[in-house]
Amino acid sequence: VQLQAFGGGLVQAGGSLRLSCAASGSIFSINVMGWYRQAPGKQRELVASISSGGITNYADSVKGRFTIARDNAKNTVYLQMNSLKPEDTAAYSCKAERVRVTRFSNGVDYWGTGTQVTVSQ
């Protein structure tokens with residue numbers, strides 16, 4: 001199972017970006033998909049997550065500005081980021097939790113490649 005993130009880039013404050021992360025391989029189900037970020041000198045933090053049933057969770061710092069969504073059929077998670085601020089600058093990574101390759105297999109967590117988001121003043 002591999003996860004690859006797309007969509008990062010350089011944007012001015014107040015602008016928008018949309019990240020996507022697709023999981024590929026032999027996948028039966030994915031429980032939770034989420035986005036994390038890590039800024040230089042800081043710990044990695046959860047940005048947003050979404051369960052297979054659509055239950056979402058957001059960091060307080062992004063509530064009202066970011067929206068997470070997923071397409072279960074495509075094993076893809078999206079992060080729409082609006083009203084971006086310089087403090088949103090970080091490397092963003094996606095995570096797939098409790099991935100099962102068959103109905104009876106144990107769930108395993110996977111991390112995807114990161115994508116850099118830079119927000120200028």
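Residue numbers count from 1 along this sequence.
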**Asked** Can you list every salt bridge (Lys or Arg N to Asp or Glu O under 4.0 Å) pair that touches residues 32-43, not counting sequence neighbours?
**Response** Arg37-Glu45, Arg37-Asp88
**Prompt:** Which atoms form the tightest heavy-atom contact between Ala90 and Ala39, and what is the distance?
**Reply:** CB-N, 3.8 Å
**Request:** Mark yes or no: Arg44 above the aromatic ring of Trp111, with NZ or CZ under 6.0 Å from the six-membered ring centre and no more than 45 degrees from the axis.
**Result:** yes
**Message:** Enumerate the disulfide bond (SG atoms under 2.5 Å apart) contacts for residues 56-86, please, sequence neighbours excluded, ordered by first and then second residue.
**Reply:** none
**Prompt:** For Ser49 and Val32, which heavy atoms make the closest approach, and how far apart are they?
**Reply:** CB-CG1, 3.9 Å
**Request:** Locate the shortest heavy-atom distance separating Gly114 from Ser93; write the atom from each residue and the value.
**Result:** CA-OG, 3.8 Å
**Item:** For Ser83, side-chain contact (heavy atoms from CB on, under 4.5 Å) partners two or more places apart
**Value:** Arg65
**Prompt:** Under the 3.5 angstrom rule, does the side chain of Thr115 hit a backbone N or O of Tyr92 as a donor-acceptor pair?
**Reply:** no
**Request:** Quick one: which residue pairs count as a ring pair (Phe, Tyr, Trp, His ring centres under 6.0 Å) with a foot in residues 40-91, not counting sequence neighbours?
**Result:** none
**Item:** Enclosure of Glu87 CD (heavy-atom neighbours >12, cutoff 6.0 Å)
**Value:** yes
**Request:** Please check if Ile68 and Leu3 belong to a single hydrophobic cluster, counting links between Ile, Leu, Val, Met, Phe, Trp and Tyr side chain heavy atoms closer than 4.5 Å.
**Result:** yes
**Request:** Would you mind reporting whether Leu79 and Val47 have side-chain heavy atoms less than 4.5 Å apart?
**Result:** yes
**Request:** Answer whether the closest heavy-atom distance between the side chains of Ile30 and Asn75 falls below 4.5 Å.
**Result:** yes
**Asked** What heavy-atom pair brings Gln80 and Ser16 nearest, and what distance separates the two atoms?
**Response** NE2-CB, 4.0 Å
**Asked** If we only count heavy atoms from C-beta on, is the Arg70 to Thr76 side-chain gap below 4.5 Å?
**Response** no
**Prompt:** Side-chain contact, heavy-atom cut-off 4.5 Å: Leu84 with Leu17?
**Reply:** yes
**Prompt:** For the side chain of Asn72 and the backbone of Ser52, is there at least one donor-acceptor N/O pair under 3.5 Å apart?
**Reply:** yes
**Asked** Taking C-beta and beyond as the side chain, do Leu46 and Asn57 meet within less than 4.5 Å on heavy atoms?
**Response** yes
Can I get a per-line list of side-chain donor-acceptor pairs under 3.5 Å for residues 96-103, giving both atom names and the distance, sequence neighbours left out?
{"residue": "Arg100", "atom": "NE", "partner": "Ser29", "partner atom": "OG", "Å": "3.3"}
{"residue": "Arg100", "atom": "NH1", "partner": "Arg103", "partner atom": "O", "Å": "2.7"}
{"residue": "Thr102", "atom": "OG1", "partner": "Phe104", "partner atom": "N", "Å": "3.3"}
{"residue": "Thr102", "atom": "OG1", "partner": "Ser105", "partner atom": "N", "Å": "3.1"}

**Asked** What pairs meet the side-chain hydrogen bond (donor to acceptor under 3.5 Å, both in side chains) rule with one or both residues in residues 19-28, with sequence neighbours excluded?
**Response** none
**Prompt:** Do the side chains of Leu19 and Phe6 get nearer than 4.5 Å, heavy atoms only?
**Reply:** no
